[in-house]
Amino acid sequence: MEMRIGQAPGDTRVMMEGISKAFGPVQALNDVKLALYPGEIHTLAGENGSGKSTLLRILGGVIRSDTGRVIVEGVEHDFPNVRAAMREGVTVVSQELSLVPALSVAENVFLGHQQVREARGINWKKTQAACSVILNRLNLDIDTSVPVGTLPQDQQQLIEIARALAFESRVILLDEPTSSLEPNEVESLFQVMRQLRDEGVAIVFISHRMREMLEISDRYTVLRDGRFIDTAPAEGVDSSWLIERMVLKRRATIGQASVTTGAAAPGRVQLVEVDKLRDRSGRVDGVSLTLFSGEIAGLAGLAGAGRTEFVETLVGYRHRESGSVRVLDKEVGGTTRDAVKAGLSLVPDDRRYKSAVLDMSVRDNLLLSSRGAPWVPRSKSQEGAIVRGWVDKLRIKTSDIDAPLKTLSGGNQQKVIIARCLQVSPKLLILDEPTRGIDLGARAEIYEILRSLAAEGLSILTVSSELEEIFQISDRVLVMHAGQLSADIPRAEATEQLVIAAATGHLQ
Amino acid sequence: MSNVGLSRLRMTALPPWSGVLMLLVLLIIVLAIFEPAFISMGNVNNIIRAAAIPVVLGIGMTFAILTGGIDLSVGSVLAFSGVFLSILAGFIPISLAVLVTLVAVTAIVGGINGSLIGRIGLNSFVVTLATLGVFRGVAYLVTNGKTQTVDPGVIVTALGDGNVGPVPGPLLVMIVIGLIASYVLRSTYFGRDVYAVGGNEVAAQLAGINTRSVKMTVYFVSAACATLGGIMSIGRMESAAPTAGAGLELAVVAGVLLGGTRLSGGVGTIAGTVIGIFFLTCVSNALTIIGVSSYWQPIATGVLLIAALLFDRFRLEPSRRAKKIKER
């Protein structure tokens with residue numbers, strides 16, 4: 001079968017055949033195959049739950065397959081653990097970074113692999129020198145003795161890759177490396193990937209962003225529901241080819257922006273006024289902003305521009321240094337309680353750490369922002385009606401509203417959080433990266449929900465690192481740079497160049 | 001699909017304390033067979049009376065642990081409360097002294113623990129370890145180390161040792177406090193906030209919950225329970241000893257954790273705490289009946305505490321364990 005790709009099978013660096021894996025009753029992978037050639041960037045495409053990560057984790061030795069063969073450079077292997085895979089030159093760089101924040105760059109790069117060891121112990125000078133050589137290959141110019149935790153996210157990502165190189169990996173598996181990166185950081189990651197490819201490394205890449213896949217890939221393999229669907233070289237593959245294979249008989253129209261009405265409507269009311277807002281850390285440095293009813297404002301910017309910090313200061317999670325927030329001309333206090341009361345509701349960017357109480361029931365999670373006096377008894381039947389109302393309205397897939405939130409999929413958890421924010425009837429709904437790590441189907445549903453909310457007169461502020469997303473859903477594009485608002489553009493006038501110029505501080 | 005539903009059902013249908021309940025039942029059955037004296041009316045009465053104070057303390061401790069904290073000061077607060085009451089009883093009628101003690105000691109202890117942990121944000125383990133020392137020391141200082149005899153009067157006796165009609169007073173206290181606590185945790189917004197703070201403090205705060213005040217309040221609850229425990233101990237001993245309740249925090253924490261409350265917070269029940277502490281009390285009672293030296297009791301408690309943590313670990317991560325077994 002692989003012959004039709006046009007290369008002799010002897011050339012493959014990795015062959016995976018007949019791979020199946022079940023987690024309890026869930027069949028994550030079913031007779032899947034994958035062929036990797038030296039010097040290619042191979043994209044694994046598929047929706048969440050299609051089995052991409054599982055396949056990578058099997059190849060990287062993180063988990064074992066139930067059946068199937070893994071052949072690396074002509075030899076069959078069954079990697080019992082990550083180290084065994086690394087010894088054969090296969091390294092997986094996982095979604096969650098696995099660095100030790102308090103250790104230095106050099107220590108992390110050679111973690112478990114201090115190659116410059118002498119009788120007296122580790123020769124740190126030589127280790128650091130060796131580390132610098134690897135970092136140079138990645139165009140990374142940083143001090144190898146600083147703790148990794150002090151570096152920005154994108155550099156940490158590159159250090160994970162440096163670690164793979166320290167093991168002389170010839171196969172590098174990147175599971176959503178760009179999900180937390182900004183556009184310019186993605187570009188520098190891509191440069192590194194291309195360079196490694198040209199040196200003969202086989203790279204497997206997973207991303208949820210269509211544009212990234214199309215930009216970087218030499219070859220595609222598509223999975224759906226744990227099954228192999230198709231594989232093809234980059235020539236002749238476009239977004240509709242991919243969507244057709246990834247999404248079965250579902251609306252494949254995602255990407256067609258339908259610019260909505262809201263902003264242009266004359267009846268809009270000024271709801272929220274932010275005046276010279278500053279937080280104590282200085283990450284938010286005097287943001288002034290007015291938000292109107294019925295509009296979706298998209299807040300763009302690079303990592304570190306202070307967008308998350310801004311919205312978190314707005315809702316009182318971060319301490320306000322100075323400035324004011326007014327909702328319908330009424331001053332809002334500086335605690336999260338004040339903000340919720342005033343009608344400012346935030347759907348945070350990091351579900352696991354900032355919004356989901358995983359062991360708590362769907363019901364309690366959904367009603368977490370709603371409250372009566374602390375000692376007043378809660379009415380379970382009344383609550384149940386409210387919760388079921390939201391479950392129907394937002395099409396949350398759950399069998400039991402008293403089941404723990406962790407039994408729901410990511411997209412449905414996110415809908416519960418959105419319902420939590422809506423249940424308190426906010427004036428302004430703020431969403432920080434609402435679709436991060438959510439598959440295309442759920443993403444389209446969330447966009448649809450936001451549009452109908454705006455149509456009902458809610459003001460919506462969406463923070464997103466994906467320009468596509470900003471352009472797709474916003475009536476108005478806001479851009480932050482270095483803690484300040486650097487642009488405020490109506491959707492019709494916003495172009496990618498303009499936004500990027502504002503985000504990098506090159507406007508005017 | 002039905003498979004998923006079934007395993008999920010099994011996960012949620014069994015409360016976290018079912019394991020220790022099974023152990024408790026098993027223990028009772030075994031002892032009933034080999035040591036019939038264990039289930040005699042007199043001994044059952046003993047067990048209830050011995051369990052009452054740790055259960056009351058454990059109920060307060062459950063609130064603290066549910067928020068992800070801990071209150072190690074409970075044993076010392078029990079002694080402090082008893083000494084406080086014994087001195088007060090020298091000046092005012094005992095019933096009034098009980099009320100004043102409840103309010104004043106709860107306010108002092110809850111105020112110190114609560115504001116240091118809730119308001120300022122210090123580590124609960126360290127703060128209550130410090131106040132464990134402080135309140136024990138104050139109890140010694142005020143009494144000059146001597147046990148104070150107190151005439152407990154009808155009310156205090158009933159709370160700590162006596163009978164109300166045919167029912168042991170301590171049993172009634174346990175039931176009332178247990179029902180109130182259980183109601184608060186299950187059916188009030190405060191109770192939900194306690195679980196939310198322990199489950200995910202950042203999420204709770206971002207959802208608009210005043211997490212500081214929740215964390216502060218649970219130390220008031222724990223202080224109130226420990227103060228009540230001190231009053232009950234006077235009813236039981238007819239005296240206030242500055243050494244009362246020394247080391248009790250070990251049994252109380254062990255009972256709470258055995259009862260399925262997660263040390264990191266967010267998961268746990270009052271029912272579990274009651275069962276867990278009854279289990280420990282039965283074990284130590286059985287050791288006494290069998291004639292094992294009482295020096296073995298803290299050892300047994302400690303071993304059971306570690307067993308509870310191990311059990312919890314495996315219950316929480318069935319997938320990881322299953323995977324490991326598979327890999328073998």
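Within every chain, numbering begins at 1; the chains are lettered A, B, ... in the order of the sequence lines, protein sequences first and strands thereafter. None of the values given here were measured: they were computed from a predicted structure.
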Are any of the side-chain nitrogens in R307(A) or D432(A) under 4.0 Å away from the carboxylate oxygens of its partner?
no

By a 4.5 Å heavy-atom criterion (distance strictly below it), what part of S345(A) contacts chain B: side chain, backbone, both, or neither?
neither

By a 4.5 Å heavy-atom criterion (distance strictly below it), what part of R420(A) contacts chain B: side chain, backbone, both, or neither?
side chain

In terms of heavy-atom pairs under 4.5 Å with chain B, the winner among R337(A), K380(A), R371(A) is R371(A)

N/O donor-acceptor pair under 3.5 Å between Q414(A) side chain and P434(A) backbone:
yes

Any side-chain to backbone donor/acceptor pair from R262(B) onto V267(B)? Under 3.5 Å, distance only.
no

Portion of Y317(A) that has a non-hydrogen atom of chain B nearer than 4.5 angstrom
both

Please check: side-chain N/O of T188(B) versus main-chain N/O of P377(A), any donor-acceptor pairing under 3.5 Å?
no

Hey, does the side chain of T313(A) reach the backbone of R320(A) with a donor-acceptor pair shorter than 3.5 angstrom?
no

Look at G191(B), G266(B), A196(B), A204(B) and state which one has the largest set of heavy-atom pairs under 4.5 Å with chain A.
A196(B)

Atom group of P348(A) that falls short of 4.5 Å from chain B, counting heavy atoms
side chain

Pick whichever of I417(A), D338(A), D350(A), L367(A) has the most heavy-atom pairs under 4.5 Å with chain B.
L367(A)

May I ask you to decide if L405(A)'s main-chain N or O and N365(A)'s side chain share a donor-acceptor pair within less than 3.5 Å?
no

Quick check on K341(A) against chain B: is it the side chain, the backbone, both or neither that has a heavy atom closer than 4.5 Å?
neither

Side chain, backbone, both or neither: which part of V315(A) has a non-hydrogen atom closer than 4.5 Å to chain B?
side chain

